[in-house]
Amino acid sequence: HVQLVESGGGSVQAGGSLRLSCAVSVSSANDYCLGWFRQASGKEREWVGSLDSDGRINYADSVKGRFTISQDNAPKRTVYLQMNSLNTDDTARYYCATKPINCAITSWASEGTYGYWGRGTQVTVS
C-alpha cells in the first residue's frame with residue numbers, strides 16, 4: 001500500500017521561493033521513480049521533474065535551473081521540491097507521484113505511467 005502526502009504549498013510573491021514536501025509510505029520498493037507534476041487552472045497536468053532510486057534526476061525545461069528535487073530516506077522517504085525564482089506561470093496545484101520502477105524504464109514525464117498519486121498542494125504566485 002502506497003500513500004503520498006504533499007505539504008508546503010502557499011502564496012508567494014514573484015521572485016520568491018517555496019519548498020514542497022512529499023511524504024511517501026511504501027511497503028517495499030528497491031526500484032522507484034518519484035515525480036512532481038503540476039496542474040494550473042484550466043490546463044492539463046504537466047510534468048515538473050523526477051528522481052529515481054539510482055539517484056538520477058530530470059527536470060522539465062520550464063523549471064530547469066530554478067527547481068531542485070531532493071530526498072531524505074530517514075526516518076521515512078520524503079521527497080522535496082525546492083522552487084526558486086517563482087513566477088506567475090508556476091501557479092498550480094502540485095502533485096507528487098510514484099511508480100515501483102526506475103524512471104528511465106518507462107517514461108520520466110508520462111503521468112499515465114505513475115500509479116500512485118498524492119492529493120496535491122496549491123502554490124499561488126502573485
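Predicted model only: the values in this text are computed from it and were never measured.
Using a 4.5 Å cut-off between side-chain heavy atoms of Ile, Leu, Val, Met, Phe, Trp and Tyr, with links allowed through other members, Phe37 and Tyr94 fall into different hydrophobic clusters. Ile101 is not connected to Val2 by any chain of hydrophobic side-chain contacts under 4.5 Å among Ile, Leu, Val, Met, Phe, Trp and Tyr, and they are in different clusters. Residues Met83 and Tyr95 are members of separate hydrophobic clusters, defined by side-chain heavy-atom contacts under 4.5 angstrom among Ile, Leu, Val, Met, Phe, Trp and Tyr. Both Val63 and Leu81 are assigned to one and the same hydrophobic cluster, defined by single-linkage of ILVMFWY side chains at heavy-atom distances under 4.5 Å.
Here SG of Cys96 is found 4.0 Å from CD of Glu6. Values are rounded to the nearest 0.5 Å. A distance of 4.5 Å separates OG in Ser25 from CD in Gln3, rounded to the nearest 0.5 Å. With rounding to the nearest 0.5 angstrom, the CD atom of Gln82 is 9.5 Å from the CZ atom of Phe67. Put simply, CD1 on Ile57 and OG on Ser70 are 7.5 Å apart, with the number rounded to the nearest 0.5 Å. Separation of atoms CG (Asp52) and CG (Asn58) is listed at 9.0 Å; rounding is to 0.5 Å. Note: Glu44 CD to Arg38 CZ = 14.0 Å, rounded to the nearest 0.5 Å.
In this structure, the side chains of Gln71 and Val24 stay at 4.5 Å or more apart for every pair of heavy atoms. Taking the side chain as every heavy atom from C-beta outward, Arg56 and Asn102 approach each other to under 4.5 Å. Side-chain atoms of Glu46 and Gln39, non-hydrogen and from C-beta on, never get closer than 4.5 Å to each other.
Taking both residues in full, the closest heavy atoms of Ile69 and Tyr59 are given as N-OH, 2.8 Å, listed atom of the first, atom of the second, then distance.
The main-chain N or O of Cys33 is found under 3.5 Å from a side-chain atom of Thr98 such that the two form a donor-acceptor pair. The backbone N or O of Ser110 sits less than 3.5 Å from a side-chain atom of Thr113, completing a donor-acceptor pair.
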Open item on the list: Under the criterion side chain to side chain contact (heavy atoms under 4.5 Å, CB included), I'd like the reasoning laid out for Arg66 against Asn87: C-alpha separation, chi angles, the key distance, then a yes or no.
Closed with: CA-CA 10 Å; Arg66 300 188 300 122; Asn87 59 62; 3.6 Å; yes
Please table the atom pairs, donor to acceptor, closer than 3.5 Å between any side-chain atom in residues 14-21 and protein atoms at least two apart or in another chain.
from: Ser17; atom 1: OG; to: Asn84; atom 2: OD1; distance (Å): 2.9

Side-chain atoms of residues 114-126: list all donor-acceptor pairs with protein atoms under 3.5 Å, sequence neighbours left out, distances to 0.1 Å.
from: Tyr114; atom 1: OH; to: Ser50; atom 2: OG; distance (Å): 2.8
from: Tyr114; atom 1: OH; to: Trp108; atom 2: O; distance (Å): 2.6
from: Trp117; atom 1: NE1; to: Tyr114; atom 2: O; distance (Å): 3.0
from: Thr121; atom 1: OG1; to: Gly9; atom 2: N; distance (Å): 3.1
from: Gln122; atom 1: NE2; to: Ala92; atom 2: O; distance (Å): 3.4

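With a 6.0 Å cutoff to the six-membered ring centre and a 45° limit on the axis angle, Arg77 counts as a cation-pi contact of Tyr32.
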